[in-house]
Asks: 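Sharing a structure below in structure tokens format, with a few things to ask.
Throughout, a chain's letter reflects where its sequence line sits, starting with A, and its residues are numbered from 1.
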Number of protein chains: 2
Amino acid sequence: MARYFTTKNISLDILRRHIERIVTLTDEEFSLISSHFTAQQFQKKQFVFRPQERVPFVYFILSGLTVLVHLDDNGQEHILSFAMEDWWETDLGAFLHQRHATMGLYCLEDTAMLKLSLDGYNTICSRVPKMERFFLAKANGGHIASQQRILSFQMVDAKLRYQWFLERYPFLVQRISKTVLASYLGVSRETLSRLSRSR
Amino acid sequence: MARYFTTKNISLDILRRHIERIVTLTDEEFSLISSHFTAQQFQKKQFVFRPQERVPFVYFILSGLTVLVHLDDNGQEHILSFAMEDWWETDLGAFLHQRHATMGLYCLEDTAMLKLSLDGYNTICSRVPKMERFFLAKANGGHIASQQRILSFQMVDAKLRYQWFLERYPFLVQRISKTVLASYLGVSRETLSRLSRSR
DNA sequence: TTCAAATAGTGACAAATGTCACAAGCCTCC
DNA sequence: GGAGGCTTGTGACATTTGTCACTATTTGAA
């Protein structure tokens with residue numbers, strides 16, 4: 001039991017440091033905020049949520065590695081984004097509008113998260129208004145990152161996208177399979193295999 | 001002069017209705033908000049801002065049609081998004097972080113806008129905190145739209161992207177050239193030409 | 001350890017797309 | 001009305017990428 005509380009407190013420390021990079025908080029404010037988060041663990045190859053399910057939470061990742069995955073009509077998987085330590089992830093549309101998920105959140109590694117419900121999210125925003133600024137900063141950051149990724153699809157061929165990925169996320173390349181990387185880059189596994197050979 | 005004020009007031013009515021779809025405002029709140037906006041007109045083929053320039057404003061479009069364009073090292077243009085009546089547009093990264101633009105905002109038609117500076121944006125957010133919720137809603141909407149577009153690049157070939165565009169934006173198809181559409185879809189002009197022929 | 005499943009590499013071929021070149025049609029401005 | 005510019009369509013060909021089939025290697029679980 002002691003171990004449990006220790007772990008939980010460490011998690012909350014990580015969360016607080018993360019938030020305070022954007023807005024500063026009093027102890028009271030943070031204790032109100034943190035009361036809405038719940039810790040949860042997932043194992044490698046587990047889904048946090050699947051397509052078609054409800055998505056009651058947004059997840060703050062403490063450790064591990066997940067992918068946000070879309071399955072198309074042919075059963076093919078497409079990876080929208082990776083999320084790891086210190087990142088927030090969810091199916092944003094499904095979470096905010098309380099709809100069924102169009103994507104799934106899948107763990108590539110054992111992953112520890114703090115989850116926050118929409119109610120908790122709204123309560124936090126109304127009780128600690130500056131948290132709206134925090135979430136706004138995160139949303140803007142996500143939007144900017146998505147635009148960069150759109151550009152990478154329009155501008156450059158698969159080979160250059162691969163090289164960019166190597167430069168930008170060298171630490172990730174170690175942790176994921178080529179199949180997963182191919183799905184993120186939007187090319188077939190075979191094509192990626194040839195790209196990594198020819199340069 | 002009378003004409004000018006009339007036009008301006010109509011513009012502000014549009015803005016108010018737009019905001020009040022998300023949050024309700026008192027007259028005092030709206031007058032504080034609107035005092036930070038300035039009307040500006042652009043002609044067809046004009047740049048609102050170019051790559052490498054500063055982007056001091058976010059723009060709310062009253063009428064007309066613009067594209068957010070990126071120029072790559074080969075001088076090729078790639079269209080990130082269209083923006084028309086009732087949409088917000090800017091180079092978000094450049095605006096928020098006061099950096100040089102990586103994209104340009106170009107008018108495909110004569111366009112009327114209301115512009116808002118970062119100072120004005122921050123003032124509005126601190127004086128009328130619920131506006132932070134409004135901007136958060138817009139940012140989230142933009143993020144969700146960008147993710148959809150990433151999926152469209154990963155999932156489907158150019159032909160299907162073209163058909164989706166036809167279904168989703170039939171009104172836009174009337175207003176833009178095939179060359180511009182090709183750049184948005186991420187294919188060459190010639191390929192698009194062949195797609196529209198074969199169905 | 002051993003066997004099955006997952007992962008990765010590769011060759012052959014087909015399909016999709018880009019690039020280059022050219023011509024036809026349309027619009028605008030003088 | 002004509003000249004020039006912009007847009008569009010199209011053919012020929014090269015390149016890229018996907019798909020399929022097969023094999024080798026690694027991983028994981030019994």
Asks: Of all the choices, D/dG9, D/dG18, C/dA8, which nucleotide is nearest to the side chain of A/Arg189 once you look at every atom?
Replies: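 Selected nucleotide (nearest to the side chain): C/dA8.
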Asks: Return the nearest nucleotide to the side chain of B/Lys178; candidates are C/dG18, D/dG28, D/dG9.
Replies: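 Of C/dG18, D/dG28, D/dG9, D/dG9 is nearest to the side chain of B/Lys178.
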Asks: In whole angstrom, give the distance that lies between atom CZ of B/Arg194 and atom P of D/dG9.
Replies: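 Rounded to whole Å, this separation is 11 Å.
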Asks: Please check the phosphate of C/dT17 (OP1 and OP2 only) for any side-chain N or O of B/Thr191 closer than 4.0 Å.
Replies: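 No, B/Thr191 has no side-chain N/O under 4.0 Å of OP1/OP2 on C/dT17.
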Asks: Nearest to the side chain of A/Thr179 - D/dT8, D/dT19, C/dT7?
Replies: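 That would be C/dT7.
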Asks: Which is more 5' along DNA chain C, the nucleotide nearest B/Val187 or the one nearest A/Ile176? Just name the residue.
Replies: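 Result: A/Ile176.
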Asks: What is the distance, rounded to the nearest whole Å, between atom OH of B/Tyr162 and atom C1' of C/dA16?
Replies: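 Taking OH of B/Tyr162 and C1' of C/dA16, I get 17 Å after rounding.
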Asks: Which whole-number value in Å describes the distance from B/Leu192 CG to D/dT10 P?
Replies: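 One finds 12 Å between P of D/dT10 and CG of B/Leu192, rounded.
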Asks: Nearest to the side chain of A/Leu195 - D/dT17, C/dG11, D/dG11?
Replies: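 Between D/dT17, C/dG11, D/dG11, the one nearest the side chain of A/Leu195 would be D/dT17.
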Asks: Mind calculating the distance between CD (A/Gln43) and P (D/dA29) to the nearest angstrom?
Replies: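 Distance check: A/Gln43 CD to D/dA29 P gives 10 Å.
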Asks: Can you tell if the side chain of A/Met113 reaches within under 4.5 Å of the side chain of A/Thr66, non-hydrogen atoms only?
Replies: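 In short, these two side chains touch, coming nearer than 4.5 Å.
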Asks: Identify the residue among B/Phe82, B/Phe42, B/Phe47, B/Phe49 that makes a ring-ring contact (aromatic ring centres under 6.0 Å, His included) with B/Tyr106.
Replies: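 Per the ring-ring contact (aromatic ring centres under 6.0 Å, His included) rule, the option paired with B/Tyr106 is B/Phe47, out of B/Phe82, B/Phe42, B/Phe47, B/Phe49.
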Asks: With distance as the sole criterion, do the side chain of A/Arg161 and the base of D/dT16 form a donor-acceptor contact below 3.5 Å?
Replies: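 No, the side chain and the base share no sub-3.5 Å donor-acceptor pair.
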Asks: Check every atom of C/dT10, C/dC20, D/dG18 against the side chain of A/Glu190 and return the nucleotide holding the closest atom.
Replies: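 Of C/dT10, C/dC20, D/dG18, C/dT10 is nearest to the side chain of A/Glu190.
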Asks: Name the orientation class of the two ring planes belonging to A/Trp88 and A/His18 (parallel below 30°, tilted from 30 to 60°, perpendicular beyond 60°).
Replies: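 Aromatic pair A/Trp88/A/His18 classed tilted.
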Asks: Of the candidate nucleotides D/dG11, D/dT17, D/dT7, which contains the atom at the shortest distance from the side chain of B/Ser177?
Replies: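 Of D/dG11, D/dT17, D/dT7, D/dT7 is nearest to the side chain of B/Ser177.
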Asks: Specify the separation, in whole Å, of atom CG of A/Asp157 and atom C1' of C/dT19.
Replies: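 Atom CG in A/Asp157 sits about 14 Å away from atom C1' in C/dT19.
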Asks: Using whole Å, report how far NZ of A/Lys45 lies from P of D/dG28.
Replies: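 For the pair A/Lys45 NZ and D/dG28 P, the rounded distance is 7 Å.
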Asks: In whole angstrom, give the distance that lies between atom NZ of B/Lys159 and atom C1' of C/dA15.
Replies: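 Interatomic distance, NZ of B/Lys159 to C1' of C/dA15: 12 Å.
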Asks: Locate the shortest heavy-atom distance separating A/Phe135 from A/Cys125; write the atom from each residue and the value.
Replies: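 For A/Phe135 versus A/Cys125, the nearest heavy atoms are CD1-SG, 3.9 Å.
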Asks: Distance check needed: D/dT27 P versus A/Arg175 CZ, whole Å only.
Replies: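 Going from A/Arg175 (CZ) to D/dT27 (P), I get 17 Å.
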Asks: Could you walk me through whether B/Ile124 and B/Leu116 pass the side chain to side chain contact (heavy atoms under 4.5 Å, CB included) check?
Replies: CA-CA 10 Å; B/Ile124 287 173; B/Leu116 173 66; 3.8 Å; yes
